[in-house]
Chemist: 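Take this structure first; my questions come after.
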Amino acid sequence: MKTIKILLIGILMCPLFTTQAQENLFIPDLSKISDSNLWTLHNRDLIPGNEVHLNANQGDGLLWSNDLAFEDGTIDLDIKGKNERGRSFVGIAFHGLNDSTYDVIYFRPFNFEDPSRNGHSVQYISHPEYTWYKLREEHPEKYENAVLPVPDPNGWFHATIIIKYPVVKVYVDNAKEPSLTINQLSSRKKGWIGFWVGNGSEGYFKNLEISKK
């Protein structure tokens with residue numbers, strides 16, 4: 001009888017756990033990225049297509065989601081840049097306050113397969129203070145690393161970014177080991193989340209899912 005009661009309790013609790021899991025999962029509707037009530041675009045144009053496509057322009061570009069104040073959790077998405085040196089910087093911005101204050105995890109696809117430069121394949125930055133140049137000069141190899149397994153620099157790759165302030169871990173293509181582990185330099189623990197492209201870059205994004213802690 002005791003065993004039956006335990007089983008019944010477990011069955012009754014399952015819907016609760018399912019509901020809680022659903023409440024903690026946020027999947028933005030990327031078919032509505034042109035809706036300014038849902039998304040805020042900065043310094044880029046949206047190119048129509050089956051995924052988010054931000055055009056190339058001078059300076060950094062952002063597409064913020066207006067629907068979520070992100071703290072800790074897991075960010076999953078698919079990203080595509082191109083194998084053109086110095087012209088492909090693509091990633092995800094988080095804990096953003098405005099179009100100049102945010103943290104970023106981004107990738108340089110043109111370095112993925114280059115043995116002399118693959119240590120600069122994935123990087124953390126925290127604007128406006130901690131730019132890539134400042135971090136590379138003052139903390140070489142601490143906030144950037146190679147990506148394993150090595151993705152196709154012209155193809156789609158999957159990124160999983162786990163944030164548990166201040167620790168950030170970056171996994172690529174469902175690897176068991178992170179390609180990058182850092183401690184955030186900013187004191188912000190909450191803010192906007194969105195797609196990011198660097199100076200002179202265009203980028204493609206799809207399948208964004210955000211699991212809140």
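It should be emphasised that the depicted structure is a prediction, and the values quoted were computed from it without experimental measurement. Values below: all heavy atoms of this structure, side chains included; hydrogens, waters and symmetry mates excluded.
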Chemist: Show, in sequence, the C-alpha distance, side-chain angles and deciding distance for Thr181 and Val167, and conclude whether the side chain to side chain contact (heavy atoms under 4.5 Å, CB included) test is met.
Modeler: CA-CA 7 Å; Thr181 301; Val167 179; 4.2 Å; yes
Chemist: Enter the distance from Leu180:CG to Ile105:CD1 here, rounded to the nearest 0.5 Å.
Modeler: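 If I round to the nearest 0.5 Å, the distance is 5.5 Å.
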Chemist: Working to the nearest 0.5 angstrom, can you tell me the gap between Asp114 CG and His120 NE2?
Modeler: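 One gets 9.5 Å once the value is rounded to the nearest 0.5 Å.
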Chemist: Does the side chain of Tyr143 come within less than 4.5 Å of Ile125's, by heavy atoms?
Modeler: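 In short, these two side chains do not touch, never coming nearer than 4.5 Å.
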Chemist: Any side-chain donor-acceptor pair under 3.5 Å between Thr160 and Asp76?
Modeler: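 A donor-acceptor contact under 3.5 Å links the two side chains.
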Chemist: Val197 versus Phe205: any side-chain heavy-atom pair under 4.5 Å?
Modeler: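 Side chain of Val197 against side chain of Phe205, heavy atoms only: contact under 4.5 Å found.
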Chemist: Rounded to the nearest 0.5 Å, what separates atom CD in Glu129 from atom OG1 in Thr101?
Modeler: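 One gets 11.0 Å once the value is rounded to the nearest 0.5 Å.
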Chemist: I'd like to know if Tyr171 and Leu77 are part of one continuous hydrophobic network [Ile/Leu/Val/Met/Phe/Trp/Tyr, side-chain heavy atoms within less than 4.5 Å].
Modeler: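 No.
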Chemist: How far apart are the closest heavy atoms of Tyr165 and Ser187, and which atoms are they?
Modeler: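 Minimum heavy-atom separation between Tyr165 and Ser187: OH-CA, 3.4 Å.
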Chemist: Indicate the atoms forming the closest heavy-atom contact of Val90 with Lys80, along with that distance.
Modeler: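 Result for this residue pair: CG1-O, 4.3 Å.
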Chemist: Output the distance between atom NZ (Lys212) and atom CG (Asp72), rounded to the nearest 0.5 Å.
Modeler: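 Atom-to-atom, Lys212:NZ and Asp72:CG are 12.0 Å apart.
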Chemist: Which atoms form the tightest heavy-atom contact between Gly91 and Ile79, and what is the distance?
Modeler: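 Closest heavy-atom pair between Gly91 and Ile79: CA-CD1, 4.3 Å.
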Chemist: Could you tell me the separation between the CG atom of Leu38 and the CG atom of Asn66, rounded to the nearest 0.5 Å?
Modeler: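 Interatomic distance, Leu38 CG to Asn66 CG, rounded to 0.5 Å: 7.0 Å.
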Chemist: Does any non-hydrogen side-chain atom of Phe89 lie less than 4.5 Å from one of Arg108?
Modeler: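 Heavy-atom side-chain distance check passes, below 4.5 Å.
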Chemist: Parallel, tilted or perpendicular: which one describes the rings of Phe195 and Trp39, with boundaries at 30° and 60°?
Modeler: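 Ring orientation, 0 to 90° scale: parallel.
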Chemist: Hey, is the main chain of Ser179 close enough, under 3.5 Å, to the side chain of Asn145 for a donor-acceptor pair?
Modeler: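 Answer holds: yes.
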Chemist: Got a second to check how far Lys189's NZ is from Glu71's CD, nearest 0.5 Å?
Modeler: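 It comes to 9.5 Å.
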Chemist: Taking atom types as modelled and ignoring hydrogens, do the side chains of Ser121 and Asn111 form a donor-acceptor contact shorter than 3.5 angstrom?
Modeler: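 Side-chain D/A pair, Ser121 to Asn111: absent.
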Chemist: Locate the shortest heavy-atom distance separating Gly81 from Pro109; write the atom from each residue and the value.
Modeler: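 Result for this residue pair: CA-CG, 4.0 Å.
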Chemist: Do Ser65 and Phe26 touch side chain to side chain, with heavy atoms closer than 4.5 Å?
Modeler: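 Ser65 reaches Phe26 side chain to side chain.
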Chemist: Do the rings of Trp196 and Tyr106 sit parallel, tilted or perpendicular, given the 30° and 60° boundaries?
Modeler: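 Tilted, since the angle between the ring planes falls between 30° and 60°.
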Chemist: Does a side-chain heavy-atom distance below 4.5 Å link Ser211 with Asn24?
Modeler: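 No, their side chains stay 4.5 Å or more apart.
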Chemist: Determine whether Ile193 and Ile162 fall in the same hydrophobic cluster, where Ile, Leu, Val, Met, Phe, Trp and Tyr are linked whenever their side-chain heavy atoms lie under 4.5 Å apart.
Modeler: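 No, separate clusters.
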Chemist: Quick test of your reading of the model: are Glu202 and Lys82 salt-bridged, counting only N-O distances below 4.0 Å?
Modeler: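 Judged by the 4.0 Å cut-off on N to carboxylate O distance, Glu202 and Lys82 do form a salt bridge.
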Chemist: Parallel under 30°, tilted from 30 to 60°, perpendicular over 60°: which one fits the rings of Phe94 and Phe70?
Modeler: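 Perpendicular, since the angle between the ring planes exceeds 60°.
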Chemist: Less than 3.5 Å apart, any donor N or O on the side chain of His158 or Asp173 sitting next to an acceptor on the other?
Modeler: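 Not at all, the side chains of His158 and Asp173 share no donor-acceptor pair under 3.5 Å.
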Chemist: Just by distance, do the side chain of Asn43 and the backbone of Asp60 share a donor-acceptor pair under 3.5 Å?
Modeler: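 Such a contact is found between Asn43 side chain and Asp60 backbone.
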Chemist: Apply side chain to side chain contact (heavy atoms under 4.5 Å, CB included) to Val122 and Val172, showing your working.
Modeler: CA-CA 10 Å; Val122 56; Val172 173; over 6 Å; no
Chemist: Show the atom names and distances, to 0.1 Å, of all donor-acceptor pairs under 3.5 Å that link a side chain in residues 45-52 to residues at least two apart or in another chain.
Modeler:
none

Chemist: State whether the side chain of Asn57 and the backbone N or O of Arg44 hold a donor-acceptor pair below 3.5 Å, judged by distance alone.
Modeler: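 No, because the side chain of Asn57 does not come within donor-acceptor range (under 3.5 Å) of the backbone of Arg44.
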Chemist: Heavy-atom count check: over 12 atoms from other residues, nucleotides or ligands less than 6.0 Å from Arg117 CZ?
Modeler: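 Enclosed.
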Chemist: Is there a path of hydrophobic side-chain contacts, each under 4.5 Å between heavy atoms, that joins Val150 and Val170?
Modeler: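 Yes.
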Chemist: At their closest point, which heavy atom of Leu208 faces which heavy atom of Leu30, and how far apart are they?
Modeler: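 Scanning both residues, the minimum pair turns out to be N-CD1, 4.3 Å.
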Chemist: Taking the ring of Phe157 and the ring of Phe112, is the distance between their centroids below 6.0 Å?
Modeler: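 Centroid separation for Phe112 and Phe157: below 6.0 Å.
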Chemist: Indicate yes or no: at least one non-hydrogen side-chain atom of Leu135 is less than 4.5 angstrom from one of Glu144.
Modeler: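 The answer is no, as the side chains (C-beta and beyond) never meet within the 4.5 Å cut-off.
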Chemist: Is any side-chain heavy atom of Glu84 closer than 4.5 Å to one of Phe110?
Modeler: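 A side-chain contact is absent here, since even the closest heavy-atom pair is not under 4.5 Å.
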Chemist: Decide side chain to side chain contact (heavy atoms under 4.5 Å, CB included) for Leu41 and Leu54; before the verdict, give the C-alpha distance in whole Å, the side-chain angles of both, and the deciding distance to 0.1 Å.
Modeler: CA-CA 10 Å; Leu41 183 65; Leu54 302 179; 4.0 Å; yes
Chemist: If I compare all heavy atoms of Asn199 with all of Gly59, which pair ends up nearest, and what's the gap?
Modeler: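 Shortest heavy-atom contact: OD1-N, 2.7 Å.
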Chemist: Walk me through it: do Ser126 and His95 pass the test side chain to side chain contact (heavy atoms under 4.5 Å, CB included)?
Modeler: CA-CA 10 Å; Ser126 183; His95 293 176; over 6 Å; no
Chemist: Do Tyr130 and Tyr124 touch side chain to side chain, with heavy atoms closer than 4.5 Å?
Modeler: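 When only atoms from C-beta onward are counted, Tyr124 and Tyr130 do not touch, as no gap falls below 4.5 Å.
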